[in-house]
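Quick notes on the structure that follows.
We count residues from 1, following the sequence as given.
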Amino acid sequence: MGFLIRLVTSAVALWVATLIVPGVEVGGRSGVNTALTLLVVALIFGLVNAVLKPVIQVVGCVFYLLTLGLFALVVNALLFLLTDWIASGLDLPFQVDGFWPAFWGAIVVAVVSWLISVVVRER
């Protein structure tokens with residue numbers, strides 16, 4: 001059940017990012033199609049973060065220390081761009097138009113996910 005809650009939370013956060021950040025877009029023929037696209041993209045984003053982020057943190061430990069953690073924002077943006085690349089390879093109508101939309105989109109997704117997780121607690 002916790003996995004589904006985190007997946008829906010990420011999908012809602014992605015949807016908010018598409019509303020707020022210009023250059024982060026999701027398409028679909030209908031609301032259901034858009035919702036399914038957001039759920040699949042949230043799954044991809046979760047997998048990318050679960051697999052690559054720990055490896056990058058270990059390898060880039062020095063950069064995290066030198067920049068006092070600001071390097072994490074760049075890493076999150078690059079992982080967001082990777083999610084866009086994988087989604088486009090799967091012909092999903094999700095698009096990020098470059099580094100800066102990915103940068104701000106990743107920040108919005110992180111903040112909205114955190115806010116939702118504060119409100120909706122897992123048991």
Side-chain angles (χ1 to χ4, degrees):
M1 187 68 165
F3 170 76
L4 289 175
I5 291 172
R6 285 192 302 271
L7 182 66
V8 171
T9 298
S10 294
V12 170
L14 281 167
W15 175 65
V16 170
T18 63
L19 296 176
I20 294 175
V21 179
V24 178
E25 300 167 358
V26 64
R29 295 181 300 258
S30 66
V32 173
N33 192 9
T34 302
L36 289 175
T37 299
L38 287 169
L39 284 171
V40 173
V41 171
L43 179 64
I44 294 168
F45 191 53
L47 289 173
V48 165
N49 276 320
V51 173
L52 292 179
K53 196 168 189 176
V55 174
I56 293 169
Q57 286 175 337
V58 169
V59 172
C61 180
V62 173
F63 293 114
Y64 283 94
L65 291 173
L66 288 175
T67 63
L68 302 175
L70 292 177
F71 186 66
L73 297 173
V74 173
V75 169
N76 286 341
L78 294 174
L79 293 175
F80 203 68
L81 281 172
L82 179 61
T83 301
D84 167 54
W85 182 75
I86 293 170
S88 66
L90 296 173
D91 287 332
L92 294 171
F94 178 75
Q95 183 177 355
V96 180
D97 292 336
F99 177 78
W100 289 111
F103 180 83
W104 294 112
I107 290 174
V108 168
V109 168
V111 169
V112 171
S113 294
W114 175 76
L115 286 173
I116 293 173
S117 70
V118 166
V119 174
V120 179
R121 296 196 175 227
E122 294 180 37
R123 293 183 179 156

Locate the shortest heavy-atom distance separating [X] from [Y]; write the atom from each residue and the value.
{"X": "Gln95", "Y": "Asp84", "result": "CA-OD1, 3.3 Å"}
{"X": "Ala102", "Y": "Ala77", "result": "CB-O, 3.5 Å"}
{"X": "Ala17", "Y": "Gly105", "result": "CB-O, 4.1 Å"}
{"X": "Ala87", "Y": "Val41", "result": "CB-CG2, 4.3 Å"}

[X] versus [Y]: any side-chain heavy-atom pair under 4.5 Å?
{"X": "Phe71", "Y": "Leu65", "answer": "no"}
{"X": "Val21", "Y": "Trp100", "answer": "no"}
{"X": "Phe45", "Y": "Val109", "answer": "yes"}
{"X": "Ile86", "Y": "Leu47", "answer": "no"}
{"X": "Leu39", "Y": "Leu43", "answer": "no"}
{"X": "Ile107", "Y": "Asn76", "answer": "no"}
{"X": "Val112", "Y": "Ile20", "answer": "no"}
{"X": "Leu92", "Y": "Ile44", "answer": "yes"}

Legend entry - Residues which pass side-chain hydrogen bond (donor to acceptor under 3.5 Å, both in side chains) with Gln57, listed by chain and number, not counting sequence neighbours: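 If we apply the side-chain hydrogen bond (donor to acceptor under 3.5 Å, both in side chains) test to Gln57, skipping adjacent residues, there are no hits.
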Legend entry - By side-chain hydrogen bond (donor to acceptor under 3.5 Å, both in side chains) - contacts of Asn33 (at least two apart):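 Scan of Asn33 (side-chain hydrogen bond (donor to acceptor under 3.5 Å, both in side chains), adjacent residues dropped) gives none.
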Mind checking the [atom1]-[atom2] spacing from [X] to [Y]? Nearest 0.5 Å is all I need.
{"X": "Thr9", "Y": "Leu115", "atom1": "OG1", "atom2": "CG", "value": "11.0 Å"}
{"X": "Arg6", "Y": "Ser113", "atom1": "CZ", "atom2": "OG", "value": "11.5 Å"}
{"X": "Leu7", "Y": "Leu4", "atom1": "CG", "atom2": "CG", "value": "6.5 Å"}
{"X": "Leu81", "Y": "Phe99", "atom1": "CG", "atom2": "CZ", "value": "7.5 Å"}
{"X": "Leu78", "Y": "Thr83", "atom1": "CG", "atom2": "OG1", "value": "11.0 Å"}

Inset, instruction - Please confirm whether the backbone N or O of Trp85 pairs with a side-chain atom of Ser88, one donor and one acceptor, at under 3.5 Å? - result: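 It does hold such a pair.
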Hydrophobic cluster membership, [X] vs [Y], 4.5 Å side-chain cutoff:
{"X": "Leu68", "Y": "Val75", "value": "no"}
{"X": "Val59", "Y": "Leu70", "value": "no"}
{"X": "Val119", "Y": "Trp114", "value": "yes"}
{"X": "Val55", "Y": "Val62", "value": "no"}
{"X": "Ile56", "Y": "Val58", "value": "no"}

Inset, instruction - With sequence neighbours excluded, tell me which residues meet side chain to side chain contact (heavy atoms under 4.5 Å, CB included) with Ala72. - result: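 Tyr64.
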Legend entry - Stepwise side-chain contact (heavy atoms from CB on, under 4.5 Å) check, Leu14 with Val26: CA-CA 9 Å; Leu14 281 167; Val26 64; over 6 Å; no
